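Working notes, beginning with the structure itself.
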Amino acid sequence: NAGVTQTPKFQVLKTGQSMTLQCAQDMNHEYMSWYRQDPGMGLRLIHYSVGAGITDQGEVPNGYNVSRSTTEDFPLRLLSAAPSQTSVYFCASSSTGGSGEAFFGQGTRLTVV
Amino acid sequence: AQSVAQPEDQVNVAEGNPLTVKCTYSVSGNPYLFWYVQYPNRGLQFLLKYITGDNLVKGSYGFEAEFNKSQTSFHLKKPSALVSDSALYFCAVRDGRGKLIFGQGTELSVKP
């Protein structure tokens, strides 16, 4: 089972460039989410989705866009990269409802110079 | 809004000793609580969860957690620590729609 797949694993961007982080899951989970992990800050929720066509903002949504056209895919777009977006990004999926645990991708390490 | 606090940035224990990693939460309604572990340069792995029922929850790798409603706590425990348990541990709380909020993490260091 592939689980949650994130691409790329590493990326270096110049300030002002745009890019899309890809996330795909093969578990038919309705709920998907994006987090960023920074030292001492834990994981902070950027955006999440409870199903195809439905997205909502998390704790730190500014500078990021998402869409959910299919159940499997939940891409995260950086519109104009800034050094403050240097971080490790994790995608997660789970069944809808409170009891199911989340499954995480291996992460994307993004550096903005 | 739900929130999670992990009051200790780092916990140090000797191998073979019991370990506790602390977590307190704030949520309206019944809490769904989780513990995850992260090894260096890896994603997060699920350890255990509390949904309802027994206050002592058993999980992977010999870990367990004790749910205390009156103290709004969900501390992670293990009777005998291993060096290989050294990692970053996250407590999380989830609402009814699935939104999962994490604490800031606790670095566990187990020395031989």
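The shown structure was predicted, so the numbers you read here are calculated from the model rather than taken from an experiment.
- For a residue to count as touching a neighbouring chain, one of its non-hydrogen atoms must lie under 4.5 Å from one of that chain's; by this rule Arg44(A) does not touch chain B.
- In this structure, Tyr35(A) is not a member of the same hydrophobic cluster as Leu21(A), with clusters built from ILVMFWY side-chain heavy atoms closer than 4.5 Å.
- Taking the side chain as every heavy atom from C-beta outward, Glu59(A) and Ile101(B) approach each other to under 4.5 Å.
- Between the CG atom of Leu100(B) and the CG atom of Leu45(A) there is a distance of 8.5 Å, given to the nearest 0.5 Å.
- Partners of His29(A) under the ring pair (Phe, Tyr, Trp, His ring centres under 6.0 Å) rule, at least two apart in sequence or in another chain, are Phe103(A).
- Residue with the most contacts toward chain B among Gly107(A), Ser33(A), Ala102(A), Gly58(A): Ala102(A) (heavy-atom pairs, distance under 4.5 Å).
- By the criterion of side-chain heavy atoms lying less than 4.5 angstrom apart, applied directly or through intervening Ile, Leu, Val, Met, Phe, Trp or Tyr residues, Phe74(A) is not grouped with Ile54(A); the two fall into different hydrophobic clusters.
- At a heavy-atom cut-off of under 4.5 Å, chain A is reached by no residue from residues 58-68 of chain B.
- Within residues 79-90 of chain B, the residues having any heavy atom less than 4.5 Å from a heavy atom of chain A are, in residue-number order, Leu88(B), Phe90(B).
- Both Leu13(A) and Val60(A) are part of a single hydrophobic cluster, where members link through side-chain heavy atoms under 4.5 Å apart.
- Placement of Leu48(B) and Leu56(B) in two distinct hydrophobic clusters is found when ILVMFWY residues are connected by side-chain heavy-atom separations under 4.5 Å, directly or transitively.
- Within 6.0 Å of CZ on Arg42(B) lie no more than 12 heavy atoms contributed by other residues, nucleotides or ligands.
- Both the backbone and the side chain of Leu43(A) come within contact range of chain B, with heavy atoms under 4.5 Å apart.
- The cationic group of Arg94(B) lies under 6.0 Å from the six-membered ring centre of Tyr31(A) and within 45° of the ring axis, placing it in a cation-pi geometry.
- Residues Val4(B) and Phe90(A) share a hydrophobic cluster, clusters being chains of Ile/Leu/Val/Met/Phe/Trp/Tyr side chains in contact below 4.5 Å.
- Rounding to the nearest 0.5 Å places OG of Ser94(A) at 11.5 Å from CZ of Phe46(B).
- Side chains of Tyr36(B) and Phe104(A) form a contact here, defined as non-hydrogen atoms less than 4.5 Å apart.
- When the heavy atoms of residues 102-112 of chain B are compared with those of chain A, the residues falling under 4.5 Å are Phe102(B), Gly103(B), Gln104(B), listed by number.
- In this structure, NZ in Lys9(A) is found 12.5 Å from CG in Asn41(B), a value given to the nearest 0.5 Å.
- Proximity to chain A (any heavy atom under 4.5 Å) is shown, for Tyr50(B), by neither the backbone nor the side chain.
- Heavy atoms closer than 4.5 Å to chain A are found in the side chain of Gln38(B), but not in its backbone.
- Within the 4.5 angstrom heavy-atom criterion, only side-chain atoms of Gln37(A), from C-beta onward, approach chain B.
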